[in-house]
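In what follows, a structure is listed as C-alpha coordinates, so that the remarks can point back to it.
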Amino acid sequence: NITVHPLPNINISNDTTICPFTSLQLYSHGGTTYQWSPTTGLNNPTGSSPVATPPPPNAITYTVTATDAFQCVNSDSVRITFFPIPHINAGPDTSVCLNPGNFHPSVQLQATGGVSYVWNPSTGLSSSTISNPVASPTTNTTYFVLGTDANGCKLTDSVSVFVLDPNLNIIVDASKEICQGDTDYVNVINQGSSNYSWNPTQFLTDPTLLSPGFFPPDTTNYIITISNYCYSKSDSVLIVVHPLPQLGLNPLDSICIGNS
(Lines give C-alpha, C1' and ligand atoms only; values in the text may rest on other atoms or scores of the structure.)
Protein backbone atom coordinates (compact mmCIF):
# COMPACT_ATOMS: atom_id res chain seq x y z
CA ASN A 1 0.00 0.00 0.00
CA ILE A 2 1.12 3.55 -0.68
CA THR A 3 0.28 6.03 2.03
CA VAL A 4 -0.10 9.60 0.80
CA HIS A 5 0.43 12.15 3.53
CA PRO A 6 -1.08 15.60 3.12
CA LEU A 7 1.24 18.56 2.89
CA PRO A 8 1.81 20.29 6.20
CA ASN A 9 -0.77 22.96 6.88
CA ILE A 10 1.34 26.02 7.56
CA ASN A 11 -0.25 28.75 9.62
CA ILE A 12 1.78 31.94 9.13
CA SER A 13 1.58 35.56 10.22
CA ASN A 14 -0.68 37.88 8.24
CA ASP A 15 0.70 40.55 5.94
CA THR A 16 1.33 43.69 7.95
CA THR A 17 2.70 47.23 7.95
CA ILE A 18 5.22 48.29 10.57
CA CYS A 19 7.09 51.43 11.57
CA PRO A 20 10.58 51.88 10.11
CA PHE A 21 13.46 50.63 12.29
CA THR A 22 11.18 48.43 14.42
CA SER A 23 10.91 44.66 14.84
CA LEU A 24 8.11 42.15 14.38
CA GLN A 25 7.88 38.54 15.50
CA LEU A 26 6.79 36.19 12.74
CA TYR A 27 4.85 33.00 13.43
CA SER A 28 4.51 29.70 11.56
CA HIS A 29 3.14 26.32 12.63
CA GLY A 30 2.57 22.90 11.10
CA GLY A 31 6.14 21.69 10.56
CA THR A 32 8.98 20.18 12.51
CA THR A 33 11.72 22.16 10.75
CA TYR A 34 11.61 25.58 9.12
CA GLN A 35 13.68 27.66 6.71
CA TRP A 36 12.92 31.32 6.09
CA SER A 37 14.04 33.23 3.01
CA PRO A 38 15.45 35.77 2.57
CA THR A 39 17.34 35.80 5.85
CA THR A 40 17.76 39.59 5.81
CA GLY A 41 16.85 41.04 9.19
CA LEU A 42 15.93 37.70 10.78
CA ASN A 43 17.45 36.71 14.09
CA ASN A 44 16.78 32.98 13.53
CA PRO A 45 15.96 31.98 9.94
CA THR A 46 15.53 28.30 10.91
CA GLY A 47 13.08 28.86 13.76
CA SER A 48 9.31 28.74 13.66
CA SER A 49 8.94 32.26 15.09
CA PRO A 50 11.92 34.47 14.20
CA VAL A 51 12.08 38.18 15.00
CA ALA A 52 12.24 40.26 11.82
CA THR A 53 13.92 43.68 11.68
CA PRO A 54 13.82 44.39 7.97
CA PRO A 55 15.53 47.50 6.60
CA PRO A 56 13.18 50.23 5.32
CA PRO A 57 11.83 51.64 3.11
CA ASN A 58 11.19 48.87 0.56
CA ALA A 59 8.62 46.16 1.32
CA ILE A 60 9.93 42.64 1.87
CA THR A 61 8.30 39.23 1.50
CA TYR A 62 9.49 36.41 3.74
CA THR A 63 8.82 32.86 2.62
CA VAL A 64 8.95 29.96 5.08
CA THR A 65 9.46 26.40 3.94
CA ALA A 66 8.25 23.88 6.53
CA THR A 67 8.99 20.15 6.65
CA ASP A 68 6.84 17.84 8.77
CA ALA A 69 7.59 14.48 10.42
CA PHE A 70 6.88 12.63 7.16
CA GLN A 71 9.37 14.83 5.26
CA CYS A 72 6.52 16.48 3.40
CA VAL A 73 7.27 20.07 2.47
CA ASN A 74 5.06 23.11 2.06
CA SER A 75 5.67 26.86 2.02
CA ASP A 76 3.87 30.11 2.63
CA SER A 77 4.86 33.76 2.72
CA VAL A 78 4.20 37.01 4.56
CA ARG A 79 4.68 40.52 3.17
CA ILE A 80 5.89 43.37 5.37
CA THR A 81 5.49 46.98 4.27
CA PHE A 82 6.47 50.20 6.04
CA PHE A 83 4.76 53.32 7.19
CA PRO A 84 6.60 56.48 6.09
CA ILE A 85 9.60 57.46 8.21
CA PRO A 86 8.36 60.13 10.65
CA HIS A 87 9.74 63.62 10.13
CA ILE A 88 10.31 64.71 13.72
CA ASN A 89 12.17 68.02 13.92
CA ALA A 90 13.23 69.58 17.23
CA GLY A 91 13.99 72.92 15.58
CA PRO A 92 17.28 74.80 15.12
CA ASP A 93 19.82 75.25 17.90
CA THR A 94 19.14 78.37 19.93
CA SER A 95 20.28 80.27 23.02
CA VAL A 96 19.32 82.30 26.08
CA CYS A 97 21.01 85.49 27.25
CA LEU A 98 22.01 86.23 30.84
CA ASN A 99 23.36 89.73 30.15
CA PRO A 100 21.44 92.18 32.41
CA GLY A 101 21.33 94.69 29.53
CA ASN A 102 19.76 92.18 27.13
CA PHE A 103 18.22 89.72 29.55
CA HIS A 104 16.02 86.89 28.32
CA PRO A 105 16.75 83.73 30.29
CA SER A 106 14.27 81.52 28.43
CA VAL A 107 13.43 80.49 24.89
CA GLN A 108 10.48 78.61 23.43
CA LEU A 109 11.30 75.37 21.65
CA GLN A 110 9.17 74.02 18.82
CA ALA A 111 9.03 70.40 17.70
CA THR A 112 7.12 69.41 14.59
CA GLY A 113 6.13 66.28 12.68
CA GLY A 114 4.36 64.34 15.43
CA VAL A 115 1.10 64.16 17.33
CA SER A 116 2.74 63.65 20.71
CA TYR A 117 6.14 64.43 22.18
CA VAL A 118 8.35 63.57 25.15
CA TRP A 119 11.37 65.78 25.91
CA ASN A 120 14.48 64.67 27.77
CA PRO A 121 15.99 65.90 30.00
CA SER A 122 13.03 67.71 31.51
CA THR A 123 15.32 70.00 33.55
CA GLY A 124 14.64 73.64 32.75
CA LEU A 125 11.52 72.91 30.68
CA SER A 126 8.04 74.27 31.39
CA SER A 127 6.64 70.90 30.24
CA SER A 128 8.22 67.73 28.87
CA THR A 129 5.13 66.47 27.03
CA ILE A 130 4.12 69.32 24.70
CA SER A 131 5.48 70.35 21.31
CA ASN A 132 6.60 73.82 22.38
CA PRO A 133 7.94 73.96 25.94
CA VAL A 134 9.76 76.99 27.28
CA ALA A 135 13.39 76.19 28.07
CA SER A 136 15.26 78.00 30.86
CA PRO A 137 18.54 76.10 31.24
CA THR A 138 21.35 77.37 33.44
CA THR A 139 24.06 75.56 31.48
CA ASN A 140 24.44 74.51 27.85
CA THR A 141 21.85 71.77 27.36
CA THR A 142 20.95 69.45 24.50
CA TYR A 143 17.29 68.47 24.60
CA PHE A 144 16.11 65.28 22.89
CA VAL A 145 12.52 65.01 21.76
CA LEU A 146 10.86 61.66 21.02
CA GLY A 147 8.02 62.33 18.62
CA THR A 148 5.21 59.95 17.70
CA ASP A 149 3.33 60.43 14.43
CA ALA A 150 -0.24 59.51 13.48
CA ASN A 151 0.82 55.95 12.60
CA GLY A 152 2.35 55.41 16.03
CA CYS A 153 5.87 55.57 14.59
CA LYS A 154 8.58 57.22 16.68
CA LEU A 155 11.73 59.17 15.94
CA THR A 156 14.11 61.26 18.05
CA ASP A 157 15.67 64.62 17.22
CA SER A 158 17.63 67.08 19.32
CA VAL A 159 18.15 70.80 19.81
CA SER A 160 20.93 72.51 21.76
CA VAL A 161 20.26 75.58 23.92
CA PHE A 162 23.41 77.58 24.62
CA VAL A 163 23.58 79.76 27.72
CA LEU A 164 25.23 83.07 26.76
CA ASP A 165 26.60 84.54 29.96
CA PRO A 166 29.11 87.43 29.97
CA ASN A 167 30.19 86.41 33.48
CA LEU A 168 31.48 83.03 32.32
CA ASN A 169 35.16 82.26 32.13
CA ILE A 170 34.90 81.04 28.56
CA ILE A 171 38.25 79.25 28.59
CA VAL A 172 38.24 76.56 31.26
CA ASP A 173 42.03 76.02 31.14
CA ALA A 174 44.20 78.85 32.49
CA SER A 175 47.19 77.31 30.72
CA LYS A 176 48.17 74.31 28.65
CA GLU A 177 51.56 72.65 28.50
CA ILE A 178 52.84 71.04 25.31
CA CYS A 179 56.13 69.81 23.93
CA GLN A 180 57.69 71.67 21.03
CA GLY A 181 56.26 70.35 17.77
CA ASP A 182 53.06 69.02 19.36
CA THR A 183 49.47 70.20 18.73
CA ASP A 184 46.95 70.43 21.55
CA TYR A 185 43.52 71.87 22.32
CA VAL A 186 42.04 73.88 25.19
CA ASN A 187 38.64 73.45 26.81
CA VAL A 188 36.40 76.34 25.73
CA ILE A 189 32.72 76.62 26.72
CA ASN A 190 30.60 76.42 23.59
CA GLN A 191 28.68 79.62 22.91
CA GLY A 192 26.77 78.33 19.91
CA SER A 193 26.78 80.35 16.70
CA SER A 194 28.84 83.19 18.18
CA ASN A 195 31.75 84.69 16.28
CA TYR A 196 35.12 83.45 17.53
CA SER A 197 38.43 85.20 16.90
CA TRP A 198 41.83 84.16 18.27
CA ASN A 199 44.87 86.45 18.50
CA PRO A 200 47.64 85.99 17.54
CA THR A 201 46.44 84.01 14.54
CA GLN A 202 49.75 82.24 13.94
CA PHE A 203 50.31 78.57 14.79
CA LEU A 204 46.60 77.78 15.01
CA THR A 205 44.72 75.28 12.88
CA ASP A 206 41.94 77.89 12.39
CA PRO A 207 41.77 81.19 14.34
CA THR A 208 37.97 81.41 13.82
CA LEU A 209 37.10 78.12 15.51
CA LEU A 210 35.83 77.73 19.05
CA SER A 211 38.70 75.40 19.95
CA PRO A 212 41.43 75.21 17.30
CA GLY A 213 44.63 73.24 17.57
CA PHE A 214 47.58 75.11 19.09
CA PHE A 215 51.16 74.42 17.96
CA PRO A 216 53.32 77.47 18.75
CA PRO A 217 57.11 77.01 18.70
CA ASP A 218 57.47 79.08 21.89
CA THR A 219 55.35 79.86 24.94
CA THR A 220 52.51 82.14 23.75
CA ASN A 221 49.50 83.84 25.33
CA TYR A 222 46.42 83.45 23.11
CA ILE A 223 43.34 85.67 23.45
CA ILE A 224 39.88 84.72 22.21
CA THR A 225 37.21 87.33 21.50
CA ILE A 226 33.62 86.08 21.40
CA SER A 227 30.82 88.19 19.94
CA ASN A 228 27.10 87.48 19.77
CA TYR A 229 23.77 89.29 20.18
CA CYS A 230 24.10 88.97 23.98
CA TYR A 231 27.65 90.21 24.69
CA SER A 232 31.20 90.64 23.44
CA LYS A 233 34.12 89.65 25.66
CA SER A 234 37.64 88.23 25.64
CA ASP A 235 39.47 85.55 27.56
CA SER A 236 42.98 84.15 27.36
CA VAL A 237 45.04 81.01 27.77
CA LEU A 238 48.79 80.54 28.06
CA ILE A 239 50.26 77.80 25.89
CA VAL A 240 53.49 76.76 27.62
CA VAL A 241 55.93 75.12 25.19
CA HIS A 242 58.63 72.88 26.60
CA PRO A 243 61.72 72.41 24.42
CA LEU A 244 62.65 68.96 23.28
CA PRO A 245 65.46 67.28 25.26
CA GLN A 246 68.96 67.72 23.86
CA LEU A 247 70.55 64.36 23.26
CA GLY A 248 74.33 64.20 23.76
CA LEU A 249 76.20 61.54 21.79
CA ASN A 250 79.92 60.82 21.81
CA PRO A 251 81.65 61.60 18.53
CA LEU A 252 82.21 58.68 16.18
CA ASP A 253 85.59 56.95 16.44
CA SER A 254 87.20 53.92 14.89
CA ILE A 255 89.41 51.10 16.14
CA CYS A 256 91.25 48.21 14.56
CA ILE A 257 90.03 44.65 14.96
CA GLY A 258 91.54 43.18 18.11
CA ASN A 259 92.00 46.55 19.82
CA SER A 260 89.80 47.89 22.61
Side-chain angles (χ1 to χ4, degrees), residues 3-94 108-123 125-135 141-161:
T3 302
V4 178
H5 298 286
L7 296 179
N9 183 21
I10 302 177
N11 296 313
I12 194 172
S13 305
N14 295 324
D15 294 346
T16 188
T17 301
I18 65 173
C19 294
F21 313 111
T22 60
S23 299
L24 172 72
Q25 187 158 30
L26 305 179
Y27 295 94
S28 62
H29 303 282
T32 56
T33 64
Y34 302 86
Q35 180 63 58
W36 293 82
S37 178
T39 60
T40 304
L42 297 181
N43 72 331
N44 182 12
T46 60
S48 63
S49 304
V51 174
T53 313
N58 296 327
I60 188 169
T61 298
Y62 289 109
T63 298
V64 61
T65 300
T67 304
D68 67 10
F70 301 106
Q71 297 303 300
C72 296
V73 178
N74 202 0
S75 62
D76 200 355
S77 61
V78 56
R79 178 177 170 83
I80 298 176
T81 54
F82 294 96
F83 290 116
I85 296 175
H87 297 286
I88 306 300
N89 189 339
D93 291 345
T94 185
Q108 190 163 36
L109 307 181
Q110 181 64 66
T112 59
V115 295
S116 65
Y117 305 90
V118 176
W119 293 85
N120 186 52
S122 59
T123 305
L125 295 181
S126 60
S127 172
S128 62
T129 57
I130 61 175
S131 64
N132 58 344
V134 174
T141 304
T142 297
Y143 291 102
F144 296 87
V145 60
L146 175 66
T148 304
D149 69 7
N151 296 315
C153 299
K154 302 177 185 294
L155 196 69
T156 298
D157 196 22
S158 65
V159 57
S160 293
V161 180

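As the structure is a computational prediction, the values presented were derived from the model and not from experiment.
- A distance of 8.5 Å separates CG of N43 from OG of S23, quoted to the nearest 0.5 Å.
- The shortest distance between side-chain heavy atoms of L26 and V78 falls below 4.5 Å.
- Shown are N132, T94, V159; of these, the side chain to side chain contact (heavy atoms under 4.5 Å, CB included) with Q110 is made only by N132.
- Every residue two or more places apart in sequence or in another chain was checked for a side chain to side chain donor-acceptor pair (under 3.5 Å) with T32, and none qualifies.
- Under the 3.5 Å distance criterion, the side-chain polar atoms of N120 are left unmatched by any main-chain donor or acceptor of F144.
- In this structure, the separation between OG on S158 and CG on N89 is 10.0 Å, given to the nearest 0.5 Å.
- With hydrogens and angles left out, the side-chain atoms of N44 and T46 include a donor and acceptor closer than 3.5 Å.
- Closest of all the heavy-atom pairs between T67 and Q71 is CG2-CA, 3.7 Å.
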Check: Should I12 and V64 be marked as a side-chain contact (heavy atoms from CB on, under 4.5 Å) after you check the CA-CA gap, both sets of side-chain angles, and the distance that decides it?
Finding: CA-CA 8 Å; I12 194 172; V64 61; 3.5 Å; yes
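- Remark: the backbone N or O of G30 is not paired with any side-chain donor or acceptor of N9 at under 3.5 angstrom.
- Contact check for V161 versus L109: side-chain heavy atoms found under the 4.5 Å cut-off.
- P45 has its side chain within reach of Q35: a pair of non-hydrogen atoms, C-beta onward, lies under 4.5 Å apart.
- Looking at W119, its side chain does come within 3.5 Å of a backbone N or O of I130 through a donor-acceptor pair.
- Residues S122 and S128 come closest through the heavy atom pair CB-CB, 3.9 Å.
- Atoms OH and OG1, on Y117 and T112 in that order, are 6.0 Å from each other to the nearest 0.5 Å.
- Nearest heavy atoms, C153 versus P20: SG-CD, 4.0 Å.
- Within the 4.5 Å cutoff, the side chain of I18 has heavy atoms near those of the F82 side chain.
- Residues S28 and S48 bring no donor and acceptor atom of their side chains to less than 3.5 Å of each other.
- Looking at residues two or more places apart in sequence or on another chain, you find no ring pair (Phe, Tyr, Trp, His ring centres under 6.0 Å) involving F21.
- For the pair V73/T65, a side-chain contact is recorded, criterion being any heavy-atom separation below 4.5 Å from C-beta on.
- Annotation for N151 and P84: closest pair ND2-CD, 3.9 Å, computed over non-hydrogen atoms.
- In terms of heavy atoms, D15 sits closest to S77 at OD1-O, 4.4 Å.
- With rounding to the nearest 0.5 angstrom, the CG atom of D157 is 8.5 Å from the CD1 atom of I88.
- Put simply, OH on Y62 and CD1 on I60 are 3.5 Å apart, with the number rounded to the nearest 0.5 Å.
- When all heavy atoms of S160 and T142 are compared, the pair lying nearest together is OG-OG1, 2.9 Å.
- Atoms OG and OH, on S49 and Y27 in that order, are 6.5 Å from each other to the nearest 0.5 Å.
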